[in-house]
Protein chains: 2
Amino acid sequence: MSSEVTLKEIAESLGVSAMTVSRALNNRDNVDEDTRKKVVSKAEEMGYTPNYVAKSLVSNKTYTIGVVIPEITHAFFPEVVRGIEEVTNKSDYQLLLTNANEQFIREKKAVNALRSQRVDGLLISTSIGIDDFSFYEQIINSGTKLVFFDRCIEGLGASCVSVNDRTSSYQITEHLITEHGYSKIAHLSGPPNVSIGKERMEGYLEALEEYELPINNQWIIEGGFQKIKGYESMQSLLELPEEEYPEAVVVVNDPAAFGAIKALKDFGLSVPEDMAVVGFTDDIRAPLLETPLTTVHQPAYAVGQKAAKKLIAAIENKDEPIENIEVLTTLKIRASCGCGNF
Amino acid sequence: MSSEVTLKEIAESLGVSAMTVSRALNNRDNVDEDTRKKVVSKAEEMGYTPNYVAKSLVSNKTYTIGVVIPEITHAFFPEVVRGIEEVTNKSDYQLLLTNANEQFIREKKAVNALRSQRVDGLLISTSIGIDDFSFYEQIINSGTKLVFFDRCIEGLGASCVSVNDRTSSYQITEHLITEHGYSKIAHLSGPPNVSIGKERMEGYLEALEEYELPINNQWIIEGGFQKIKGYESMQSLLELPEEEYPEAVVVVNDPAAFGAIKALKDFGLSVPEDMAVVGFTDDIRAPLLETPLTTVHQPAYAVGQKAAKKLIAAIENKDEPIENIEVLTTLKIRASCGCGNF
DNA sequence: TTGTAAGCGTTATCAT
DNA sequence: ATGATAACGCTTACAA
């Protein structure tokens with residue numbers, strides 16, 4: 001950035017001190033109105049932009065928030081970022097965005113870089129492969145303000161904003177049971193060490209228990225969040241003898257559900273006649289499938305907003321409490337569960 | 001960010017000077033190997049993170065790049081950001097991301113904030129309503145490194161990375177003419193003051209001229225980039241007497257094409273039988289429509305990569321030339337143009 | 001090899 | 001109302 005105009009230069013060209021210029025430009029009340037005007041117009045003329053780097057060094061505040069997301073192309077996250085942006089923009093914080101690409105090594109590197117940049121706080125959604133919880137434990141203990149969103153690590157003393165995953169998973173499973181009378185329901189799960197994977201599994205299990213349906217371990221396949229993982233999980237499921245096929249399957253998210261549906265198709269089976277499929281996310285493509293996908297709509301924008309608000313509150317207010325904030329989802333009933341008229 | 005450990009504190013606890021600690025931690029060659037080890041382990045123990053704010057003040061370099069995009073939910077941009085991220089991550093630059101939400105006022109505000117943060121360079125895709133070119137002219141003249149991407153402002157002395165819009169628009173129009181024999185082709189355009197709006201219009205016109213087809217001003221409707229704009233433009237077009245309807249229409253981008261198709265449907269017309277429609281973007285939803293959309297695939301990731309590479313080159317190399325870089329598109333032929341077998 | 005002093009651009013504090 | 005000085009955490013330049 002070419003050599004920029006400084007307070008001192010403005011001061012010299014005006015024959016006053018740098019302090020006066022600083023005061024004038026920051027609208028302090030103890031400056032003569034005349035000099036203030038002179039300073040402001042001179043600054044304008046010289047093309048002055050305040051140097052936040054220097055400001056930050058003095059104030060120990062950067063007005064900057066670090067955001068770490070695991071996967072920027074998964075449509076959910078850009079929407080979350082938009083929510084974050086909306087809030088930070090109003091409060092005049094800037095966003096340092098990093099994409100960990102689902103790699104915990106990159107996530108760590110990003111967090112360290114962000115800390116070196118002295119961001120005022122961190123908004124984090126962890127990558128799938130995370131194993132080293134002590135990393136975040138140290139950071140939180142050091143007093144760094146941190147709010148997790150969507151993919152949370154619990155019990156570390158940081159607030160967390162997420163969707164009511166367990167309840168939503170319970171509800172969509174319940175829908176399959178009560179509205180359609182399915183009793184043989186499978187689950188293509190995510191990794192259990194990621195909160196959303198665990199929670200969605202639990203909601204599914206709770207619903208089966210509540211309605212006293214058999215829990216069949218052959219129907220619970222651990223996979224991942226991408227299309228290919230759903231495809232593979234469904235392939236495993238279809239290795240069962242045909243008479244042991246479930247009637248319906250709850251998939252951990254929509255991309256994985258797309259993969260699962262593809263696998264069914266490749267296998268010559270149709271949705272929902274041979275097997276009903278429901279997802280989780282309400283991906284932009286969900287309503288456009290040949291058989292539109294029944295799924296759980298996630299208010300990504302609201303998640304972003306709430307996480308950002310919580311973080312800014314924690315930054316600006318010493319004793320903001322630690323909270324787990326749940327944002328409510330809604331069921332999107334479409335055709336893939338067997339509801340014909342959508 | 002709680003009180004952080006400083007060089008001085010490490011120095012004191014070790015009985016050496018801050019300079020020695022600085023040298024040791026930065027792997028300068030003039031430090032005793034023994035003291036270096038002591039310093040490094042002490043720094044680790046005390047949880048030291050270098051203060052980049054202070055570093056930047058000295059070096060006049062922040063290792064930070066400001067990115068301004070007009071619309072984060074338009075899938076094209078997250079993909080561009082991923083490309084940018086991939087490059088900056090390797091070169092150890094951080095990304096300050098701002099979303100202008102298609103509002104030029106917010107864009108200006110964002111750029112000013114970014115300059116105050118003393119980013120080393122700017123990556124910008126302008127919002128639609130832009131009118132004040134002098135704003136960027138000043139910034140570029142002040143020596144700030146700036147690369148435009150996708151939505152460029154030309155003639156200001158900044159490099160630009162974009163898709164070969166005019167050629168692509170020419171090609172998809174040509175496809176309608178030569179593969180389908182359409183001679184009555186309309187264009188629902190974008191705003192002409194945004195480069196992609198202008199370029200796509202020009203490509204369309206060039207193709208008509210090349211094949212000596214009539215240019216009918218009633219078939220050229222100025223609109224915008226969102227679904228609703230496409231809907232409205234198509235509504236205008238359908239106000240013509242039925243015998244003056246075009247056979248095909250080139251829409252400025254996919255979201256607008258979705259709107260146009262919706263309007264046709266609401267009007268009782270079908271695609272491509274009554275009117276063929278082609279788009280531009282290859283939106284993730286394009287292949288999933290009832291009649292999959294023929295469109296131009298844009299290599300968003302490559303746009304991001306090239307823009308980031310160009311900017312970093314400009315930052316690190318005094319006389320990096322100003323260039324217009326074009327990234328090549330590919331046609332995605334699907335059913336909406338009348339190619340039946342897709 | 002190590003230390004000292006000055007300075008990066010700003011603001012808090014005390015003085016005038 | 002305005003100015004002088006020190007300080008924020010670090011590095012460069014020079015000295016020991």
Side-chain angles (χ1 to χ4, degrees), chain A residues 1-40 42-43 46-64 112-113 115-120 142, chain B residues 1-40 42-43 46-64 112-113 115-120 142:
Chain A
M1 212 94 180
S2 62
S3 67
E4 299 280 350
V5 180
T6 67
L7 282 188
K8 213 176 141 198
E9 286 167 21
I10 300 177
E12 276 165 9
S13 84
L14 238 40
V16 298
S17 77
M19 256 330 288
T20 302
V21 178
S22 169
R23 283 195 267 251
L25 258 20
N26 288 289
N27 288 312
R28 301 301 174 83
D29 46 13
N30 49 352
V31 253
D32 187 85
E33 189 53 23
D34 267 10
T35 50
R36 207 187 66 77
K37 275 181 188 155
K38 259 185 248 164
V39 169
V40 169
K42 194 72 182 180
M46 297 176 72
Y48 174 75
T49 25
N51 186 331
Y52 277 34
V53 175
K55 259 190 186 176
S56 298
L57 189 58
V58 175
S59 63
N60 202 23
K61 184 145 174 53
T62 56
Y63 277 98
T64 256
N112 284 331
R115 296 189 74 201
S116 281
Q117 299 277 3
R118 293 294 188 265
V119 293
D120 293 334
S142 85
Chain B
M1 211 94 179
S2 62
S3 67
E4 299 279 351
V5 181
T6 67
L7 282 189
K8 214 177 140 196
E9 286 167 19
I10 299 177
E12 277 166 6
S13 83
L14 238 39
V16 297
S17 77
M19 255 330 286
T20 302
V21 178
S22 168
R23 284 194 268 249
L25 259 19
N26 288 289
N27 288 311
R28 302 299 174 83
D29 46 12
N30 50 352
V31 254
D32 187 85
E33 190 52 22
D34 267 9
T35 49
R36 208 187 65 77
K37 277 182 187 154
K38 258 185 249 163
V39 169
V40 168
K42 193 74 183 176
M46 296 177 72
Y48 175 75
T49 24
N51 186 330
Y52 277 34
V53 175
K55 258 190 180 165
S56 298
L57 190 57
V58 175
S59 64
N60 203 24
K61 185 149 174 50
T62 56
Y63 277 99
T64 257
N112 285 331
R115 296 189 74 202
S116 281
Q117 300 276 3
R118 293 297 186 265
V119 293
D120 294 334
S142 84

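Because the structure is a prediction, the values reported are computed rather than measured. Atom set for the values below is all heavy atoms of this structure, side chains included, hydrogens, waters and symmetry mates excluded.
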- Just checking, any donor-acceptor pair under 3.5 angstrom between side chains of A:R118 and A:N60?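 The answer is no; no qualifying pair exists.
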- Message: So does B:D34 get a backbone contact from the side chain of B:D32, meaning a donor-acceptor N/O pair under 3.5 Å?
- Response: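 A pair under 3.5 Å: yes.
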- Message: With a 3.5 Å distance limit and no angle check, can you tell me whether A:S116 reaches the backbone of B:N51 through a side-chain donor-acceptor pair?
- Response: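 No, A:S116 side chain to B:N51 backbone: no donor-acceptor pair under 3.5 Å.
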Distance in angstrom units between [X] [atom1] and [N] [atom2], rounded:
X     : N      : atom1 : atom2 : answer
B:E33 : C:dT2  : CD    : P     : 11 Å
A:Y63 : C:dT10 : OH    : C1'   : 15 Å
A:E12 : D:dG3  : CD    : C1'   : 14 Å

- Partner set under side chain to side chain donor-acceptor pair (under 3.5 Å) for A:K37, not counting sequence neighbours: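 A:K37: no side chain to side chain donor-acceptor pair (under 3.5 Å) contacts found.
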Under 3.5 Å, side-chain donor or acceptor atoms of residues 13-24 of chain B against the rest of the protein: list the pairs with distances, not counting sequence neighbours.
unit_1 : atom_1 : unit_2 : atom_2 : d
B:S13  : OG     : B:I10  : O      : 3.1
B:S17  : OG     : B:M19  : N      : 3.4
B:S17  : OG     : B:T20  : N      : 3.3
B:S17  : OG     : B:T20  : OG1    : 3.2

- Message: So which atom in B:L25 and which in B:Y48 form the shortest heavy-atom distance, rounded to 0.1 Å?
- Response: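 Heavy atoms only, the tightest pair is CD2-CE2, 3.8 Å.
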- Query: Is A:S56 touching bases, backbone alone, or none of the nucleic acid, heavy atoms closer than 4.0 Å?
  - Reply: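 The answer is nothing, as A:S56 stays clear of every strand by at least 4.0 Å.
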- Message: Using a heavy-atom cut-off of 4.0 Å across all strands, would you classify A:D32 as base, sugar-phosphate, or nothing?
- Response: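 The residue A:D32 makes sugar-phosphate contact but no base contact.
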- Query: In the 5'-to-3' direction, what one-character label does each nucleotide of nucleotides 4-16 of chain D receive under the scheme B = base within less than 4.0 Å of a protein heavy atom, S = sugar-phosphate only, - = no such atom?
  - Reply: B---BBBBB----
